[in-house]
Amino acid sequence: MKAIELPKAYDPKDFEDRIYAMWKSGGYFAPRMDAAAEGSAAPAGSVSTSASPAAASSGESAVRQDPFVIVIPPPNVTGVLHMGHGLNNSLQDVLIRYWRMKGRPTLWVPGTDHAGIATQNVVERRLKEKGLGRHDLGREKFIEETWKVKEEHHAIISKQLEKIGSSCDWSRERFTMDEGCSRAVREVFVGLYERDLMYKGEYLVNWCPSCGTALADDEVDHEERMGGLWEIRYPLSGGGGHLTVATTRPETMFGDTAVAVHPEDDRYKSYIGRKVKLPLTDREIPVIADAYVDREFGTGCLKITPAHDPNDFEIGNRHHLERINVLTDDGRMNGSAPEFVQGLPAKEARKKTVEKLEAEGFLASHKEHSHQVGHCYRCNTVVEPYLSTQWFVRMKPLADKALAAWQAGELQFFPKKWENTYRHWLENIRDWCVSRQIWWGHQIPAWTCKNCGALHVLREDPEVCPKCGSSELERDPDVLDTWFSSWLWPFSTIGWPDVLDSNGKPKPGSDLAKFYPTAALVTGYDIIFFWVARMIMAGLEFMGDVPFRDIYITGLVRDKQGRKMSKSLGNGIDPLDVVNTYGADAMKFTLAYLSAQGEDIPMDMETSKLGSKFANKIWNATRFILMNLEGRNLADPADAERRIADRWILHRLNEAVKAVDAAMAAYRFDDMAHAVYEYFWNDYCDWYVECAKLGLYGEDDAEKDRTATMLIYVLEESLKLLHPFLPFITEEIWGKINPNREPLIVAPYPEADAARENPAAEASFGVLKELVTAVRTMRSEFTIPPSKDVKVRVEITGEAGDALAGTEEIAAMLVKSDDFAVAAEGESFEGSLAAVGRGFTAHVFIKNLIDIEAAADRFRKSIQKAAGLIEGKKKKLSNENFVSRAPEDIIAKEKESLAEMEDALERSAAYLAALES
RNA sequence: GGGUGGGUAGCUCAGUUGGUUAGAGCGUCGGUUUUACACGCCGGAUGUCCUGGGUUCGAGUCCCAGUCCGCCCACCA
């Protein structure tokens, strides 16, 4: 056959886009079920491997037929993909491609998230640049604008996912605010309401005055800040002194409705039940007793402001105190505060209040004080505890189910350590505030009748009040927390609730019936609470089953200093830059290689060189093989004679397959990547291809054909093995070798194969490697130029003879020797230096080329080292305790290794003596 | 305060149930431009496995104590 040309340089830009387009248009991303339904044929095997014995003998391992499904963690349409997405989607793609090749119907559902507050903020920021606010546009127009932003980012995100090679089924793409997902949200909201798991209540929520909305507890970031701690005197009504309270927020004192002391606090016991006068006002408030008060802290007197502090809110409930809100929803003092601060932002009001307290003699002290302050996780504004009416999901019943499912083993976390995090959160669950006072999102399906006051939560928009018939209905203006659609994602994306039959079961043949529950979730640990746990709750509540069985938690991609990548630090790297510089394969392989047990991954641009070098190696090894095909008649590899190197490399290949399978079962991406890397580079390239040069460069045409046949056969098996980790380059090469077959993406993955297992070949080849390395080391140490041929005689001193039989030519080539042979009986080794190995001594005739004293020195050193080791071993073996208590096989091993060492030492010593004489 | 992860080569990290002389990538040193690859090839060097104790015939691995980093959750006015 003709030589196949491969461009000299590996340049992923030449083919990555073309390959992706081929996969996409060929429909290879859709689950095989779809193809079967359309009657397309099963893929043919590779031409050169079509009669491979491997295919037939995979025997024992049962082939899985259940679908392998992943639903993508939907990226936010607030921006574009960052390196975290790069990692996440690269790993998902590895899983998907592996199982696709394994023959399971495989589906990866792509999609994006509307990201409520975050996206709204993006739009508001843009408006602000034009000097506008959202109210200038009005709700409808504003949402229109937001959709534009969504479309803009969605286009970029989709493009990026394609660029990094994600093999997701674009025909099934979803968005959290598309019609289907919106119906799911509505159904769930109403369903929860009907089950009394959704309620409306007045509650102290985390209020972001900048976003103008409530936030869930999880959406508040706490940061250490310096602030003040003021002590204020509250005069006792009717005279007789005062109580001094401490506060970090003096301006909220106008909302105080009590002063609390500890019931057992002797200092204050007598005051309980009396009243104090609230400074700067005319109000009197009671002194109450509550065990919450810490006697040690501050003065032991606590002012109670139920409307502005979560703990005070609880205390207020216990003592039925009035809640007086003194702030507006944009963080200013409202009408409940005295006139002199009304309308001022809280911070300024604080200053004024303190000044006035001081002027009027109420201020006892002031000092600096460091404490935690809550900030909005979207805009970083200081969050206010704020009294308002919100919608809540009653989480306890849902959390209990989620815990039970985990305890029953229906879910597995990888790595396992995250299970504690999951459990802990569920055990301490709080109700979830789901209403948000913004415009972008799913509007709450609740209406209040202005006429009769009835509240209606409905699946369909009502025309008139179902209770009184009035058309004066007002819809709740709020929208739902963005996670309220995300937590339905594993089933809303595949048809729920539209494909349910009248019994609430998925219709047979629907995606929901086929693909739920999904197989795996791949996500970061930062959203175990936000998302993972809630999806499990929703799945159990509405589908009666967990949404996925395996949860792989990735690490975070960090910079080289270990810092989170962030916009503000400017230390992020763009996955597209990586792809443009090194290619998608390089990025994917590098990330997998570095994904140790979900540990964080420190990386910069250079890091991806690792994968890039590997891809380059694959490219060049292939190029070498393909350029040697000229004039060759390739046979069926099943019929080709197997030499020692062939048996060995097939054994190594099989070991790599086994390693990948094992690592895959444990979601050890680093182990998978290491296994294929070592196999291909260290075994296939460094040894197998090097050995093959003997056959390729010889005179014997039949041997050339045989060598080429085996080379390309093993290469193709290797391409299959490598494909999930470097899909583009392997597909490109696969197509070059034979353009007239099904693409590699759907080729059968190599199965562990007992017929390839060959420990004997492994052992034999190991001896050859040891021999070659020993001679090379000697050459290197005595700086014999690589181009210089040397004479070598191998003295067989043990069992190495059988192993080395028939390998002389290969060995001669690999050590660069023009006169290489196993030593004859009684042959003289005059003029040589010896390399001592297990079962052999290689005599290298270079004495005339080197410094004898240096050589002797080398021997003395190695003998000294060996003697030390032997001494240690002897000591161990003569230890009564060891011999009597250690297992027999360990003792046997030790004895064997001692014998080997002693043998080698003896030979070295004899050689040294000869050298010195 | 409650959890939780970690300290192994110059750097970043592997090291599965305790068992030969502790590994990888990068870096480093020496040699090499041999017609696949200098993003290569060949060879070398480098470790109080945080500290101290314990269990064991045997500890990087198990136990205890200490120490130093990190993360998550909660939070006192």
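Here the structure is a predicted model, which means the values were calculated and not measured. Each chain gets a letter, A, B and so on, in the order its sequence line appears, and its residues count up from 1.
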Please produce a list of atom pairs where a protein N or O lies less than 3.5 Å from an N or O of nucleotides 74-77 of chain B.
{"unit_1": "B/C75", "atom_1": "N4", "unit_2": "A/Gln372", "atom_2": "OE1", "d": "3.2"}
{"unit_1": "B/C76", "atom_1": "OP1", "unit_2": "A/Asn311", "atom_2": "ND2", "d": "2.5"}
{"unit_1": "B/C76", "atom_1": "O2", "unit_2": "A/Asp294", "atom_2": "OD2", "d": "2.9"}
{"unit_1": "B/A77", "atom_1": "O3'", "unit_2": "A/Thr248", "atom_2": "N", "d": "3.3"}
{"unit_1": "B/A77", "atom_1": "O3'", "unit_2": "A/Thr248", "atom_2": "OG1", "d": "3.4"}
{"unit_1": "B/A77", "atom_1": "O2'", "unit_2": "A/Ala246", "atom_2": "O", "d": "2.6"}
{"unit_1": "B/A77", "atom_1": "N6", "unit_2": "A/Asp294", "atom_2": "O", "d": "2.5"}
{"unit_1": "B/A77", "atom_1": "N6", "unit_2": "A/Phe297", "atom_2": "O", "d": "2.8"}
{"unit_1": "B/A77", "atom_1": "N1", "unit_2": "A/Asp294", "atom_2": "N", "d": "3.2"}

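- Atom C1' of nucleotide B/C71 and atom CG of A/Asp221 are separated by 14 Å, given to the nearest angstrom.
- Taking 4.0 Å as the cut-off between side-chain N and carboxylate O, A/Lys874 and A/Glu902 count as a salt-bridged pair.
- Side-chain N or O atoms of A/Thr783 include none that pairs as donor or acceptor with a backbone N or O of A/Ser780 at under 3.5 Å.
- A/Glu880 places its CD atom 17 Å from the C1' atom of B/U56, with the value rounded to the nearest Å.
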Problem set entry | Residue pair A/Asp290, A/His262: steps toward the side chain to side chain donor-acceptor pair (under 3.5 Å) verdict | CA-CA 5 Å; A/Asp290 196 290; A/His262 194 278; over 6 Å; no

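- Contacts of A/Lys865 with the nucleic acid, taken as non-hydrogen atoms under 4.0 Å apart, are absent.
- Nucleotide B/U28 has B/G44 as its partner under the Watson-Crick or G-U criteria, with both atom distances under 3.5 Å.
- One P atom belongs to B/U20, the other to B/A59, and the distance between them is 12 Å to the nearest Å.
- One C1' atom belongs to B/U48, the other to B/G5, and the distance between them is 24 Å to the nearest Å.
- Nearest-nucleotide positions on RNA chain B for A/Trp619 and A/Leu869 put A/Leu869 closer to the 5' end.
- Contacts of A/Asp309 classified as side chain to side chain donor-acceptor pair (under 3.5 Å), with partners at least two apart in sequence or in another chain: none.
- With P as the reference atom, B/A74 and B/G2 are 16 Å apart, rounded to whole Å.
- In this structure, B/U17 makes no Watson-Crick or G-U wobble pair, since no nucleotide meets both defining distances under 3.5 angstrom.
- Within the 4.0 Å cut-off from OP1 or OP2 of B/A36, at least one side-chain nitrogen or oxygen of A/Tyr697 is found.
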Taking N or O atoms only and anything under 3.5 Å, show me the protein contacts with nucleotides 39-41 of chain B, one pair per line.
{"unit_1": "B/C39", "atom_1": "O2'", "unit_2": "A/Asn616", "atom_2": "ND2", "d": "3.1"}
{"unit_1": "B/G40", "atom_1": "O3'", "unit_2": "A/Lys617", "atom_2": "NZ", "d": "3.1"}
{"unit_1": "B/C41", "atom_1": "OP1", "unit_2": "A/Lys617", "atom_2": "NZ", "d": "3.0"}
{"unit_1": "B/C41", "atom_1": "OP1", "unit_2": "A/Trp681", "atom_2": "NE1", "d": "2.6"}
{"unit_1": "B/C41", "atom_1": "OP1", "unit_2": "A/Asp686", "atom_2": "OD1", "d": "3.3"}

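- With sequence neighbours excluded, the residues that form a side-chain contact (heavy atoms from CB on, under 4.5 Å) with A/Pro310 are A/Leu204, A/Pro385.
- In this structure, A/Trp418 has its ring center at least 6.0 angstrom away from the ring center of A/Phe413.
- Annotation: side-chain hydrogen bond (donor to acceptor under 3.5 Å, both in side chains) contacts involving residues 578-587 of chain A, sequence neighbours excluded, are absent.
- Straight-line distance between the P atoms of B/U34 and B/C11: roughly 37 Å, to the nearest whole Å.
- Comparing the same atom, P, in B/G25 and in B/C63 gives a spacing of 31 Å after rounding to whole Å.
- Spacing of P atoms, B/C41 relative to B/A24, comes out at 15 Å, to the nearest Å.
- Rounded to whole angstrom, the span from the CD atom of A/Glu630 across to the P atom of B/A36 amounts to 14 Å.
- In this structure, the nucleotide among B/U32, B/C73, B/C37 sitting nearest to the side chain of A/Pro786 is B/U32.
- Around atom CD of A/Glu900, more than 12 heavy atoms belonging to other residues, nucleotides or ligands sit under 6.0 Å away.
- Taking a 6.0 Å sphere around CD of A/Glu5, one finds it holds 12 or fewer heavy atoms contributed by other residues, nucleotides or ligands.
- With respect to the salt-bridge test (charged N to carboxylate O, under 4.0 angstrom), the residues A/Glu427 and A/Arg423 qualify.
- The salt bridge (charged side-chain N to carboxylate O under 4.0 Å, His left out) test applied to A/Asp221 returns no partner, not counting sequence neighbours.
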Every protein N/O within reach of nucleotides 60-62 of chain B N/O, cut-off under 3.5 Å:
none

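- Side-chain N/O atoms of A/Lys873 include one lying less than 4.0 angstrom from OP1 or OP2 on B/U21.
- With both pairing distances under 3.5 Å, B/C71 is matched to B/G3 as a Watson-Crick or G-U wobble pair.
- A side-chain N or O of A/Tyr292 and one of A/Asn311 form a donor-acceptor pair less than 3.5 Å apart.
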Between protein and nucleotides 15-19 of chain B, what N or O pairs are separated by less than 3.5 Å?
{"unit_1": "B/G15", "atom_1": "OP1", "unit_2": "A/Arg668", "atom_2": "NH1", "d": "3.3"}
{"unit_1": "B/G15", "atom_1": "OP1", "unit_2": "A/Arg668", "atom_2": "NH2", "d": "3.4"}

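- Every residue meeting the side chain to side chain donor-acceptor pair (under 3.5 Å) condition with A/Ser718, not counting sequence neighbours, appears here in chain and number order: A/Tyr679.
- For the pair A/Glu871 and A/Lys873, the salt-bridge criterion is not met [side-chain N within less than 4.0 Å of a carboxylate O].
- Taking the P atom of each, B/U16 and B/C71 are spaced 26 Å apart, rounded to whole Å.
- Taking a pair to require two hydrogen-bonding distances under 3.5 Å in either a Watson-Crick or a G-U wobble arrangement, B/U55 remains unpaired.
- A donor-acceptor contact closer than 3.5 angstrom is absent between the side chains of A/Asp670 and A/Ser595.
- Aromatic pair A/Tyr552/A/Phe414: ring centres not closer than 6.0 Å.
- When the salt bridge (charged side-chain N to carboxylate O under 4.0 Å, His left out) test is applied to A/Glu888, no partner is found at least two apart in sequence or on another chain.
- When the C1' atom is compared between B/C75 and B/G58, the two are found 48 Å apart, to the nearest whole Å.
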Problem set entry | Reading 5' to 3' through nucleotides 3-13 of chain B, protein heavy-atom contacts under 4.0 Å coded B for base, S for sugar-phosphate only, - for none | -S-------S-

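- Under the salt bridge (charged side-chain N to carboxylate O under 4.0 Å, His left out) criterion, the residue pairs touching residues 685-694 of chain A are A/Glu690-A/Lys693, with sequence neighbours excluded.
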